[in-house]
Structure formats: structure tokens, C-alpha cells
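Presented below is the structure to which this report refers.
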Amino acid sequence: MIIVDNALKAREAEGRPIRVALIGAGFMSQGLANHIVNTTPGMRLVGVYNRKSQRAFDLCEYAGVRDVVSPATQQEVDLAIREGKVVATGDAFLLARSSEVDVLVDVTGSVEFGARVAFEAFRHGKDVILLNAEIDATVGPILQVYAEKHGVIMSACDGDEPGVQMNLYRWVKGLGLTPRVIGNVKGLQDAYRNPTTQKGFAEKWGQNPAMVTSFADGSKISFEQAIVANATGFVVRSRGMSRGIEYKDDVMKIGKIYDSEELRKLGGIVDYVVGTPLTKVYCLAEHPDPKQQHYLNLYKMGDGPLYSFFIPYHLVHFEVPSAIARVVLFRDSVAKPLGGPVVEVCAVAKRDLRAGEMLDDYGKYMTYGEAVNADEMCRNRYLPEGLVEGCVLKRDIAKDAVITYSDVTLPPNRLADQLRAEQYRRFRGETWLEEIISVHA
């Protein structure tokens, strides 16, 4: 941020603001649009997509944008942006193709739709910022391959938990320590929450009940920690991570709940706990030098071997412009996968499910997601939580059982299924998912 703020001021002074289009006009997009329009120098909102285009107009009104148009053709879209107008549209591909857009910010939470828009953006030379952990955790590694092929960047966000954790991880490594745990903190964990139980909270804050449910049932944090794992090479100790172990003591002492020898053997883990006060994310790290250990003790970091570093908040949309600037101005990705998936998110039955039922989406009534190591995910052919919607059950599934590909019939012709198959073939040399998809096709 210390470098980014001056770089954005320079772009403002030069009259060359970064031109940003938002894909999705929900709760987080509203806050982000308001921030870009009113308090972020060197950046300009040029377009907003929403499936129901009126919501894109509503978002612009919320942010105080008055000159809003809804052109129908690519030529009209480009002209409107050049004239200083904001485009509100129900066609995301008009923004993905526009020569007047520098970067797309995906705020949809959709894997299939998000993948299609990302591909179009890549083809037209645009960077893509993801405030969409679901797509990143499900097909992020293979999308990175295509982004690089087109000379663009796909990046996670500052402000969202993966970005906050990765910034802390990079900072701790820069101090010369070896991170062993990257952790997230939740206020609530209940795998059986659903949009009905979360309706009141969602209405209070103007949020989507399904998205709020994904926070409560553990799906969202599983997606988030998978992103961090894939960017660091860290694993989970077991499927589901801690499953919400409660820790309400001092965050400086949180290392006591971990076994240092186990962490060293694993190389590092991602995890989460519930209820730690004044903490949003934490990083536990070792230092191999006894001389530096002496200094760390002097600096009130304790005796080790696990030194605790933490951040008390995540401010989501307030920090997204930082990620946009890092990508566009410095070509720095916030949480780039090291290679293929290390941790993925499998689908688990939220209730007893019956043969013939069609699964609803994550954050709803039928499934929740759990982070699991990719080796186990592939070995058992688990169905990914990010792609449950529209799958039809072939057999009964007991509550809390993991759903596998053999348990379902897939919806036809999904790009995201093809991407996952390519992801496994490219990074693991496995073709079983390709074979399954060809049968369903």
C-alpha cells in the first residue's frame, strides 16, 4: 500500500486512471464501486454487469454515478466509456471485450459463469481480479495457465481473507522466518446452517442469504484456505481442517494448540479456529537462528518455537483497489498458485439426500464444503463443492458423507468440468475426470 498509493496518485495526475469494470452488482460490489468512485485516486469505474441490469443501474446510483448508459453493441459500449460514461449492462462479455476496459473484477461467486467471462477477458488482454474465492479454489490453477498464455494476470484480492493471509505470509517470510501455520478466524461454525436460518442476518446487512450461509457452514473458509494452500504449498492436516476448534485465549499463545514436529514434517498447514478475540488471520512461524530467537524474545514475541503474527481485521472492498493497482501497475499477483492444486474443496451432504434429487448450489440446503488435500480428493474422486449445482444424485447419500463423481450425473457441457479435467491431466497426469465427462456428454 505504501508504494501503491503514490503510484495511483501519479496515474491520477497524469490523467490515466485504471479503467475498472465490475462483474456482479451485489453487496460487495456496491461498497467497492462507492470506494472507487468517491475515494480512490487513479482509478475509474467504467462498467458494471449484472444479470438483472437494473441492479447495475442501482449500484451506480448508490455510488453517486449519474451519467450511466446501457448500450447494446460493442462499438456503442466503447464509445460511451471514451466519452466518460459508465456502462450498465446485462451482458458481461461486452465489458470483457471492450478496448476501453483495463481490468475486470469478478464479484459473482459463480464458477461456471466466472470461468467463461475470464476466458473472454484473457482473450482480449485484460487482467482479472477475483473477489470470487469459489472459482479460484475450483479451477484457479488451470485458469492461471491460460492467463499466462495470454500475457495477463488473474489475481485474488487484497482485503479478502486469502489476500490478507498471503500478505502476512509474504511479510513474515521477508523477516527471515519460516511460516508453519496460516490460519483464519471465524465467529461461527455450523455446517448445517442454511438460507432460512441465516435470513435475518442477511436482511440486517443487505446481503445474499446463500452467501451468508456459505460463511456460516464452513464452505467459504474452505475455499479461502484452499487458495492460500495452493499459493504456498501448505496442506491440511485432515479433511475439514480443525472443523471449528474453539480458541478464545491470547493469539500470541495460539501456537500451543499445534505440534511443531508435525508441522515441520508436513511442511506447513492451513487451518482455522473459532472465537479468537481481536484476530482475523494469523501466521505461526519459526526462526532457525538462536541469535534471532533471542531478539524475538526481547521484542515480546515469546520463547518460540512458533512465533505468532496476526492481523485483527479484514476490510474486504476497501482494499480491493490495492490489488487492482498491484496487478495493473506492478504485475504482482496476490495469491498465485505455485502449480497444480494442493488443497481442494469437496462436497459433503448437509442432510440425508435421496436418489433423483438435483443438488442446489453451495451456501444453500443440501451440501457444505470441506477443504481436503488434492491427493485424497483425486484418490476418492470427490465432487467439488464449487460445482454441485445441477448435479443429479444416482443414489442416496447419508448426512455428512462426502459426495463423489460416481454418485451423480453431471450437467452437460460445463466449461468448468472440462477445466478441472484439464487441470488434473496437466498437473497430475490423471485422465479419470476426462473419461467421466465424456460419458456424461
Side-chain angles (χ1 to χ4, degrees), residues 8 11-12 15-110 113-114 117 121 126 128-132 157-160 195 199-212 315-325 328:
L8 284 174
R11 287 290 289 247
E12 182 75 13
R16 295 190 305 118
I18 299 170
R19 299 166 297 179
V20 181
L22 303 182
I23 306 301
F27 178 75
M28 286 300 170
S29 286
Q30 281 189 339
L32 176 56
N34 190 56
H35 185 27
I36 291 173
V37 170
N38 296 301
T39 52
T40 305
M43 203 167 289
R44 176 187 161 207
L45 179 67
V46 298
V48 183
Y49 156 81
N50 200 76
R51 184 171 55 88
K52 296 179 180 178
S53 58
Q54 182 57 47
R55 291 201 66 178
F57 280 96
D58 293 343
L59 177 146
C60 291
E61 182 179 2
Y62 179 88
V65 178
R66 296 289 175 258
D67 201 355
V68 186
V69 295
S70 186
T73 69
Q74 194 66 63
Q75 185 176 9
E76 290 170 345
V77 166
D78 296 347
L79 177 61
I81 295 174
R82 284 197 297 271
E83 291 176 343
K85 300 171 184 176
V86 175
V87 170
T89 179
D91 185 349
F93 296 95
L94 289 173
L95 298 176
R97 297 171 186 140
S98 175
S99 61
E100 305 303 314
V101 173
D102 296 316
V103 59
L104 295 186
V105 182
D106 179 354
V107 204
T108 65
S110 168
F113 175 73
V117 174
K126 288 174 184 44
V128 176
I129 308 294
L130 298 177
L131 196 55
N132 179 349
C157 272
D158 285 317
D160 209 9
K199 181 182 178 186
F201 183 92
E203 289 179 345
K204 176 182 177 181
W205 296 104
Q207 293 183 275
N208 183 316
M211 188 59 67
V212 170
L315 300 177
V316 199
H317 76 271
F318 284 103
E319 296 187 74
V320 173
S322 176
I324 295 171
V328 175

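Since we're looking at a predicted model, the values are computed, not measured.
Contact between Asp158 and Ser322 at its shortest, heavy atoms only, is OD2-OG, 3.0 Å. Closest heavy-atom contact between Gly24 and Ser29: O-OG, 2.6 Å.
With sequence neighbours excluded, the residues forming a side-chain contact (heavy atoms from CB on, under 4.5 Å) with Gln75 are Thr73, listed by chain and number. Remark: Ser98 pairs with Asp78 by the side-chain hydrogen bond (donor to acceptor under 3.5 Å, both in side chains) rule, at least two apart or across chains. A search for salt bridge (charged side-chain N to carboxylate O under 4.0 Å, His left out) contacts involving Asp160 returns nothing, not counting sequence neighbours. Listed by chain and residue number, Asn34 satisfy the side-chain hydrogen bond (donor to acceptor under 3.5 Å, both in side chains) test with Asn38 (two or more places apart in sequence, or in another chain). Looking at residues two or more places apart in sequence or on another chain, you find no salt bridge (charged side-chain N to carboxylate O under 4.0 Å, His left out) involving Asp91. The ring pair (Phe, Tyr, Trp, His ring centres under 6.0 Å) test applied to His35 returns Phe318, not counting sequence neighbours.
Legend: salt bridge (Lys or Arg N to Asp or Glu O under 4.0 Å) pairs involving residues 16-28, not counting sequence neighbours, sorted by first then second residue: Glu14-Arg16, Arg19-Glu100, Arg19-Asp102. Sequence neighbours left out, not one pair with a member in residues 78-97 passes ring pair (Phe, Tyr, Trp, His ring centres under 6.0 Å).
Without hydrogens or angle criteria, Ser110 side chain to Phe113 main chain gives a donor-acceptor distance under 3.5 Å. Panel note: side chain Asn132, backbone Thr108; no donor-acceptor pair is recorded below 3.5 Å.
A heavy-atom distance below 4.5 Å is found between the side chains of Leu104 and Val117.
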Kindly list each side-chain donor-acceptor pair under 3.5 angstrom involving residues 44-51, sequence neighbours excluded, with atom names and distances?
from: Arg44; atom 1: NH1; to: Ile81; atom 2: O; distance (Å): 3.3
from: Arg44; atom 1: NH2; to: Ile81; atom 2: O; distance (Å): 2.7
from: Arg44; atom 1: NH2; to: Lys85; atom 2: O; distance (Å): 3.3
from: Tyr49; atom 1: OH; to: Arg51; atom 2: N; distance (Å): 3.4
from: Asn50; atom 1: OD1; to: Ala25; atom 2: N; distance (Å): 3.1
from: Asn50; atom 1: ND2; to: Lys52; atom 2: O; distance (Å): 3.2

Could you go through residues 56-65 and list every donor-acceptor pair under 3.5 Å that involves a side-chain atom there, pairing it with any protein atom two or more places apart or in another chain?
from: Asp58; atom 1: OD1; to: Gln54; atom 2: NE2; distance (Å): 2.9

Distance-only criterion, 3.5 Å: show the donor-acceptor pairs between side-chain atoms of residues 199-210 and protein atoms not counting sequence neighbours.
from: Asn208; atom 1: OD1; to: Ala210; atom 2: N; distance (Å): 2.7

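From Ile23, atom CD1 reaches atom CG of Asp106 across 7.0 Å, with rounding to the nearest 0.5 Å. To the nearest 0.5 angstrom, Leu131 atom CG is 7.0 Å from Met28 atom CE. Taking SG of Cys157 as the start and CG of Leu32 as the end, the distance is 8.0 Å to the nearest 0.5 Å.
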Worksheet item: Taking it one step at a time, do Ile324 and Ile18 satisfy side-chain contact (heavy atoms from CB on, under 4.5 Å)?
Response: CA-CA 8 Å; Ile324 295 171; Ile18 299 170; 4.0 Å; yes
Discussion item. Before you tell me yes or no, could you show the steps for Leu95 and Leu22 under side-chain contact (heavy atoms from CB on, under 4.5 Å), namely the whole-Å CA-CA distance, both residues' side-chain angles and the distance that decides it to 0.1 Å?
Written reply: CA-CA 9 Å; Leu95 298 176; Leu22 303 182; over 6 Å; no
Worksheet item: Could you walk me through whether Val20 and Ile36 pass the side-chain contact (heavy atoms from CB on, under 4.5 Å) check?
Response: CA-CA 9 Å; Val20 181; Ile36 291 173; 4.1 Å; yes
